[in-house]
Amino acid sequence: MRTSQYILATLKETPSDAEIISHQLMLRAGMIRKLASGLYTWLPSGLKVLRKVEQVVREEMDKAGAIEMLMPVIQPADLWQESGRWEQFGPELLRINDRHNRPFALGPTHEEVITDFVRKEINSYKQLPITLYQVQTKVRDEVRPRFGVMRAREFTMKDAYSFHLTEECLAQTYQRMHQAYCNIFERLGLDYRPVIADTGSIGGSVSHEFHVLAESGEDAIAFSSESDYAANIEKAEALAPTEARPEASKELNTFATPEAKTIADLKAKHGVKPHRGVKTLIVYGTPDENEQRGLVALVVRGDHELNELKAEKHTLVDSPLEMAKEEDIFAAIGAHPGSLGPVGLNMPIIVDRSAAVMADFVAGANNNGEHHSGINWDRDVTDYQVFDLRNVVEGDPSPCGNGILQIKRGVEVGHIFQLGTKYSEAMNAGVLGENGKNQVMTMGCYGIGVSRIVAAAIEQNNDDYGIKWTKALAPFELAIVPMNMHKSHRIPDIAERLYSEFKQAGLEVLFDDRKERPGVMFNDMELLGVPYTLVIGERNLDNNQVELKNRRTGEKLMLDINEAVAAITAQIRS
RNA sequence: CGGCGAUUAGCGCAGUUUGGUAGCGCACUUGGUUUGGGUCCAAGGGGUCGCAGGUUCAAAUCCUGCAUCGCCGACCA
C-alpha cells in the first residue's frame, strides 16, 4: 500500500472527548472516527487490526472444533419473549418495529436465535455435542457508552454456543474453550488472566471472564498472592474473620450528631474511625404473595463496600437489588439516611461477616441527628442474620485458603458460561436420546469482544510516540520511509524496487511515498505503530545500505540493499 | 435516570461578562524556501456561531425551549 493512495488520517491534536490512551491513539492514528455516541466508523488501518484479531479467533475456534456460521442482527421479538428476556434484558435491548409494526430487537447476543436454530435442525443425540460460532456485530444500547470502542453501542463479538446431552460433556467442551481462549490471548501477545466470574444477565452456573490487565479497566479483579486464584471482585468471597468477636466493654450510649450524615462526616466531626462504625443500607425485600415489598437492612463495616450481587442472592432481598427511597425509609423508621443503625430496627437485619465480629461500635440511632456508640451484637441487637455482603479489599485472606488478596484492574475481553438448560428448557430445545425419549439439551456459551481487544491491546502497548503493535496485530508489518525521495535519482528507484520485492515476498508493507519531510513520516509510522520501518536515504546509499528500525525496541540495524528483502522477511516471519 | 459542563471551519480553541456584522493554531489549496525527526515565507479556500422561538435598530453574545456530546453519579446512610 502507498500512503499517497491510502487514508492515513493521522491527527496531531487529541480530540477533546477521548479520555483513555487507547481511545486517543485510535483517533490520532486514524483507526476510528466517531459517528455518534458509542458508534464508530473503522478506517482502513483500524479495520486491518480488527480483522487480524478476528483471524486469530477464528483459527483457534476452528482448532477447538467449533464451526462458524452467521446469524442476523435483527431478531424477532417472540424469540425473546419465549426465553423471558424481552422483559428481563431491559433498555439495553434496542427494540425496533418493522413496517408492519411487528416488534424486533437488535441482537445484543444470540442465545435465543441459536437455540431456535438448533431445536429445529438437531434432532438426535448422535449429532451432539456440537459447538457453533459466529463473528458478528452486536448491538447494546449502553447506559453510558465510553472510552471509544471499549464500551460501544455497536461492536464486533465472537460468540459461540455449545449443545450437549449431559453436564459432564458440557464441562469438557467448556474446558476446551477455556484453553482456546488462553491460546487466543497468548497469540495476541496480551497480558491477561482468566478469573472466576458472575453469570449476570446471561444466566447459568459456572463462568469465567478473561481480563486484559490495564489501569483503565472497568472491572476490579482479586488475585491470591500464593495461588492461581483470581476472581472478579463482584464474585470473590469475603471469608468470615478468623478472630472471635471481642467481649462487650462499653455501655450503649447516644450522642448528638446533627451535622454528620456520612461515614466521612463521623470521622471528621466526631473522630469515629470508619472501621469502628457500621453503615446501614435499606433495600427492598422480596415481594410477598400480594406483590408488596417490605424493607430489609444491610449492615456493613464503615470502611467496607456493599456488594450488590452478593446481597441480592440473599432470599430476603429483592433481585435486582434496589435501594429504598428516602420517603419509604422515613415512613418505616422515622429517620432519614445518615442516622440509621441496627439498634431497635423493626425489619430483617442482614449483617456482613466482618461487621458481625465488631464490638462496642458506632451506628445511627434511627433518630435524625443522633448516633449510638458502644453497640454490641446479641446484647443491643438480637434478631439478625450473618451473610457475605461486602466487596473484598486488598489484604483480605484469599477464598482459596492460600495467601492474601491483591486487587488489580482489568478489561473484560472474554466471558465463558456453563448455561445448563436455562434457554433450552424455556425454548423447549431437545433431542431424542438413546432411549428414544426426548431430552433437553445442556448449553454453554462463549464470547469474545473482538473490537474491545483492539483497544485493550493498545492500552498495554503504547508509548509517547503512539501505538506499539505486537506482530500479531499490526496493520502493516513494515513501513518503507524514503528520505526526500523527490530530490534524489537513486532513492525512488530503490524504494520502488524494494517495495515490489516485499510485496512479492508476501509482506504487508506500507510505502510512504508522500512528499513529506522525514520527521512527518517517522512520526506517522510510529503513531500508527508499524513494527518495522525501513529507512532509505542518500546518507547510507553510498555504502549500499538501508536502515531497519524496530518500533518496540528502538533498535537500528544497517542492512546491505541486496540482502535487505530476504533478511527482513525472515526476521518478520520468525 | 440525576448532577455538572460543553456545542463557533475537518481537529484543538479564543471571542459571550459589557449586543455593533467572526478570529487564532493545526490541517487543506497555490507559489517559493528548506530537507535524516512535526521547516520557513507569502497568497488562498472553507463557518446559516447545535436547532427553534423571543427581546432589540442590531444577537455567536441577552431570554425561553429543545437537541447532541462529554464528565461525574446512580451502594457508602
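Within every chain, numbering begins at 1; the chains are lettered A, B, ... in the order of the sequence lines, protein sequences first and strands thereafter.
In terms of phosphate contacts, A:S37 brings a side-chain nitrogen or oxygen within less than 4.0 Å of OP1 or OP2 of B:G70.
Of the residues A:T254, A:N367, A:D380, the one that meets the side-chain hydrogen bond (donor to acceptor under 3.5 Å, both in side chains) test with A:H372 is A:T254. For the side-chain hydrogen bond (donor to acceptor under 3.5 Å, both in side chains) criterion with A:N232, the lone passing option out of A:E412, A:E209, A:H415 is A:E209.
The side chain of A:E13 sits closest to B:G12 out of B:G12, B:G36, B:U35. Candidate nucleotides B:C13, B:C11, B:U35 were compared by shortest atom distance to the side chain of A:P15, and B:C11 ranks first.
Counting non-hydrogen atoms under 4.0 angstrom, A:E526 reaches a base of the nucleic acid. In this structure, A:V300 reaches neither bases nor backbone, as no heavy-atom distance under 4.0 Å exists between it and the strands shown.
The nearest whole Å value for the distance from the CD atom in A:E218 to the P atom in B:C71 is 10 Å. Atom CG in A:N523 sits about 15 Å away from atom P in B:G36, given to the nearest Å. Distance, A:H486 NE2 to B:U35 C1': 7 Å, rounded to whole Å.
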Quiz item: For nucleotides 72-77 of chain B, read 5' to 3', which letter fits each nucleotide if B means a protein heavy atom sits under 4.0 Å from the base, S means only the sugar-phosphate is that close, and - means neither?
Solution: B-BBBB
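Seen from the ring of A:F387, A:K310 does not count as a face-on cation partner, given the 6.0 Å and 45° thresholds.
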